[in-house]
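Have a look at the structure below, then the notes.
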Amino acid sequence: MQRIADIITKEIKAAGNKLWEVEIDNKQIQIQKTRKEFSGDLTIVVFPLVRYAKSSPEDTASALGNFIKEHCVEIHDYNVIKGFLNLEISKEYWLDFLSGLNDIADYGVTRGNGPLDMVEYSSPNTNKPLHLGHIRNNLLGFSISQILEAAGKTVKKVNLVNDRGIHICKSMIAWQKFGNNETPESTGIKGDHLVGKYYVKFDQEYKKEIAALQEKGEEKKLAENNASLMIEAREMLRKWEAGDKEVRSLWKTMNSWVYTGFDETYEQMGVSFDKIYYESETYKLGKEIVLKGVDDGILIKEDDGSIWADLTQNKLDKKLLLRSDGTSVYMTQDVGTAHQRFAESGFDKLIYVVGNEQNYHFQVLKIVLKNLGFNWSDKLHHLSYGMVELPEGKMKSREGTVVDADDLMDEMIETAKSMSDELGKLGNYSEEEKNNIYRQVGLGALKYFILKVDPKKNMMFDPKESIDFNGNTGPFIQYTYARIQSVLTKAGDVSSIVPEIEMNEKEVELAKLVYEFPDIVSDAAESYNPAIIANYLYELTKEFNQFYHDFSILNAETETSKLFRIQLAGNVGKIIFKGMSLLGIEVPERM
RNA sequence: GGUUCCGUAGCUCAGCUGGAUAGAGCAACAGCCUUCUAAGCUGUAGGUCCCGCGUUCGAAUCGCGGCGGAAUCACCA
């Protein structure tokens with residue numbers, strides 16, 4: 001079935017030829033949804049066409065309207081208000097469309113093995129549990145992967161775990177000194193939380209030590225450097241690099257605790273990966289590329305042996321790529337991993353889901369790769385998202401002012417439970433079924449809350465006010481889905497042939513929204529923005545609830561109307577299901 | 001100071017590839033359950049779209065300049 005906007009575009013061009021003997025440029029053709037307060041479905045903005053017609057906007061609109069109405073069966077009528085030509089699409093077109101829907105298995109989804117999009121997200125440090133900021137990252141990364149796949153891409157989700165470095169040594173030192181051989185088993189504490197506890201412990205003890213040194217008259221900078229804990233942590237990192245057996249063994253043990261904990265968190269969050277990279281295995285990558293860059297005269301070697309990229313041509317600073325002792329930095333490694341990934345997979349896009357604090361890093365990364373002669377650097381895309389802010393300000397892991405991911409998810413589920421119990425609609429369900437619904441609703445609320453916001457914007461999270469379950473929320477959409485399922489169950493099996501009926505206004509509105517879904521999916525994919533899906537689903541759901549309130553489905557005036565409404569409700573339900581799954585949100589059959 | 005992003009109702013957010021009288025939700029107030037799930041629906045109230053200039057038939061949307069906020073500019077990752 002041809003999309004209506006394409007049909008109209010063609011008609012406008014034809015009208016240009018016939019009426020005014022001109023070729024109308026596609027850029028001058030503006031078709032948009034008619035605003036609610038006017039009658040019509042689609043609106044052509046005629047101002048840009050006035051110069052072709054050489055008459056007033058009103059006359060141009062009328063002439064065009066007449067032409068289209070005559071030549072185009074899909075357009076039933078039109079009206080002109082100022083320079084706006086409002087077109088009324090025939091009910092037959094919508095009925096046709098809805099009939100065709102039954103033959104489409106996965107409406108809104110483009111199938112096929114499209115080009116490979118690699119999405120890197122999550123990328124946690126292994127010294128502390130995940131917090132609210134990670135939640136935004138994980139939800140975005142997972143959701144955008146789902147969306148890209150629905151837009152026909154082949155998607156590979158990857159996670160680059162930062163499992164080495166001074167921060168992990170800090171946890172290790174603190175555990176050695178103060179841990180009394182605690183393990184997740186001996187304490188019952190989740191592994192990532194246990195390790196995180198010692199990361200915080202390190203910082204506390206470290207601060208005490210600095211204060212003590214300052215007390216003795218040492219300067220702050222010196223005190224920070226000379227504190228024995230820090231010296232020990234640095235020594236441990238050195239030993240780690242040298243492959244010291246004991247250090248490596250402790251490192252492995254504590255990391256394995258963390259991974260077990262992360263796996264639980266990921267599972268609860270509903271996210272997954274196709275491949276996990278470990279920085280301990282990749283951190284040496286990139287060095288050769290950098291050295292070759294020096295040979296090729298692209299990079300600069302300073303007298304002390306350090307290697308730099310001069311980006312002053314690009315209005316940026318110089319950037320270090322190898323330390324004077326020959327070791328890699330973050331950038332070196334990213335150059336290496338990107339190169340390796342391209343060599344392995346020849347990705348069409350490599351999407352990094354990373355916070356906007358790294359904007360500069362990725363800007364530099366692209367330029368450095370480009371300068372080194374890798375033309376595929378254009379294929380890198382930094383999906384930069386804003387910080388999650390708390391009312392008191394920024395979250396700081398070390399100071400314990402974080403909203404822990406596990407705690408937050410548990411609280412959400414608990415809230416969903418008490419809310420649901422109060423409403424008491426799940427009477428005859430088993431405990432297991434109930435718990436599953438609490439989980440779906442609680443996490444649905446959290447996920448939707450985060451994903452409905454434009455990724456690039458900073459967002460505010462107030463733990464005290466927590467997250468709503470009413471209004472523009474996940475549970476609102478889930479609730480609508482559950483209502484639809486309830487109706488469908490009661491309706492039983494019905495014919496899939498769409499009856500010829502005279503649709504009412506609400507039914508047309510819903511048909512129009514259903515019609516939009518595929519465009520919404522491709523929009524979201526192109527702009528890497530799950531919020532587009534979320535906001536669309538809200539609009540669709542709101543419209544459905546109004547319809548549901550105003551008209552009875554099962555007690556419709558006529559049998560054909562009943563059949564039509566059941567089918568329409570079914571289609572809305574399918575879109576909610578699919579759309580929510582693109583957000584990584586489950587929908588319950590009842591709630 | 002340089003760079004990037006953000007600034008829309010009391011609060012949280014849509015709308016931004018220029019288009020008609022700027023929209024939701026929350027909070028407040030007033031209604032709607034004997035009828036398909038009231039986690040719903042309806043209504044009232046709430047605006048200098050940060051400010052200024054410019055481009056345009058037309059600017060919340062584009063450009064420039066301010067103001068305010070965030071991030072970043074390490075031989076950390």
Side-chain angles (χ1 to χ4, degrees), chain A residues 27 30 32 34-38 43 45-48 50 57 81-84 86 123 125 162 164-167 279 283 302 304-308 315-317 319-331 333-334 355-361 363-364 384-387 389 394 416 419-420 422-423 425 441 445 449 452-454 456-462 465 467-480 482-491 527 531-532 534-535 538-539 541-542 544-556 562 565-566 569 590-591:
Chain A
K27 278 184 212 135
Q30 287 183 45
Q32 51 196 239
T34 303
R35 295 182 60 126
K36 278 247 163 110
E37 57 269 36
F38 302 100
T43 296
V45 183
V46 296
F47 295 105
V50 167
I81 297 170
K82 293 195 261 181
F84 300 94
N86 300 322
S123 306
N125 291 345
N162 182 8
R164 60 167 280 278
I166 192 78
H167 47 283
E279 226 179 271
Y283 79 106
E302 295 288 339
D304 64 2
S306 59
I307 295 174
W308 300 75
K315 294 186 180 172
L316 297 172
D317 295 331
K319 187 76 190 176
L320 180 81
L321 289 179
L322 270 185
R323 296 193 187 94
S324 49
D325 64 6
T327 56
S328 304
V329 291
Y330 186 34
M331 186 64 71
Q333 184 195 148
D334 258 354
N356 61 13
E357 60 207 354
Q358 304 281 356
N359 284 356
Y360 182 72
H361 174 79
Q363 199 186 347
V364 170
S384 161
Y385 62 89
M387 303 285 101
E389 287 162 358
K394 222 193 148 181
M419 199 133 178
S420 180
E422 206 174 300
L423 291 166
K425 292 181 185 175
V441 174
F449 179 85
K452 76 172 171 184
V453 180
D454 186 338
K456 71 171 179 257
K457 287 191 175 178
N458 288 356
M459 64 181 292
M460 178 63 81
F461 179 82
D462 189 341
E465 290 189 12
I467 295 171
D468 261 311
F469 286 68
N470 300 312
N472 184 1
T473 66
F476 172 84
I477 295 169
Q478 290 172 319
Y479 176 69
T480 309
R483 274 180 148 180
I484 291 171
Q485 296 320 300
S486 171
V487 170
L488 293 181
T489 306
K490 289 198 168 116
S527 53
I532 292 174
N535 288 309
Y538 176 60
E539 212 184 318
T541 307
K542 209 168 135 67
F544 182 83
N545 276 318
Q546 288 169 14
F547 165 72
Y548 181 92
H549 179 263
D550 292 351
F551 301 97
S552 177
I553 296 170
L554 297 176
N555 293 314
K562 176 178 162 184
R565 287 176 187 174
I566 291 169
R590 258 181 76 177
M591 65 185 273

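So that the names make sense, note that chain A is the first sequence line, chain B the second, and so on, each numbered from 1. Because the structure is predicted, anything quoted here is derived from the model rather than measured.
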So is the aromatic ring of A/Y479 stacked onto the base of B/G40, judging by whether the centres are under 5.5 Å apart and the planes are under 30° apart?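 No, A/Y479 does not stack on the base of B/G40.
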
Under the side chain to side chain contact (heavy atoms under 4.5 Å, CB included) rule, what do A/K319 and A/Y360 come out as? Steps first, then yes or no, please. CA-CA 11 Å; A/K319 187 76 190 176; A/Y360 182 72; 4.3 Å; yes

For A/D468, what residues pass the side-chain contact (heavy atoms from CB on, under 4.5 Å) criterion, not counting sequence neighbours? A/T473

Quick tally for nucleotides 4-9 of chain B: nucleotides whose base has a protein heavy atom under 4.0 Å get B, sugar-phosphate-only ones S, the rest -, giving SSSS--

Pairing nucleotide - B/U3, Watson-Crick or G-U, each distance under 3.5 Å: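 Base-paired to B/A71.
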
B/C53 pairs with, by Watson-Crick or G-U criteria that keep both distances under 3.5 Å: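 Paired with B/G63.
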
[atom1] gap between [N] and [M], integer Å:
N: B/U34; M: B/C50; atom1: P; answer: 47 Å
N: B/C64; M: B/U4; atom1: P; answer: 10 Å
N: B/G18; M: B/G58; atom1: C1'; answer: 8 Å
N: B/A22; M: B/U8; atom1: C1'; answer: 8 Å
N: B/G31; M: B/A14; atom1: C1'; answer: 27 Å

Picking from B/C76, B/G23, B/G19, which would you name as closest to the side chain of A/V45? B/G19

Given B/C41, B/U72, B/C26, identify the nucleotide with an atom nearest to the side chain of A/Y360.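 Side chain of A/Y360 sits closest to B/U72.
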
Side chains of A/V441 and A/M419: closer than 4.5 Å at any heavy-atom pair? no

Using whole Å, report how far CZ of A/F449 lies from C1' of B/A24.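 Answer to the nearest Å: 15 Å.
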
Round to the nearest Å and state the distance from A/M460 atom CE to B/C13 atom P. 7 Å

Could you work out, with side chain to side chain donor-acceptor pair (under 3.5 Å) as the rule, every residue matching A/T541, not counting sequence neighbours?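 None.
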
Is the phosphate of [N] approached by [X] (side-chain N or O, under 4.0 Å from OP1 or OP2)?
X: A/K452; N: B/G25; answer: no
X: A/Q358; N: B/U72; answer: no
X: A/R35; N: B/G19; answer: no

Which pairs, protein N/O on one side and nucleotides 31-36 of chain B N/O on the other, fall under 3.5 Å?
from	atom 1	to	atom 2	distance (Å)
B/C36	O3'	A/K490	NZ	3.1
B/C36	O2	A/I553	N	3.2
B/C36	O2	A/L554	N	3.0
B/C36	N3	A/I553	N	2.9
B/C36	N4	A/Y548	O	2.2
B/C36	N4	A/F551	O	2.5

Looking at residues at least two apart in the chain, or sitting in another chain, which of them share a salt bridge (Lys or Arg N to Asp or Glu O under 4.0 Å) with A/E422?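 Result, salt bridge (Lys or Arg N to Asp or Glu O under 4.0 Å) vs A/E422: none returned.
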
Partner residues of A/K36 under the salt bridge (Lys or Arg N to Asp or Glu O under 4.0 Å) criterion, sequence neighbours left out: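 Checked A/K36 against salt bridge (Lys or Arg N to Asp or Glu O under 4.0 Å); matches are A/E543.
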
Just call it for A/Q478: base, sugar-phosphate, or nothing, with non-hydrogen atoms closer than 4.0 Å on any strand.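 Answer is nothing: A/Q478 stays at 4.0 Å or more from every strand.
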
Is the side chain of A/R323 donor-acceptor paired with the backbone N or O of A/S306 at a distance under 3.5 Å, no angle test?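 A pair under 3.5 Å: no.
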
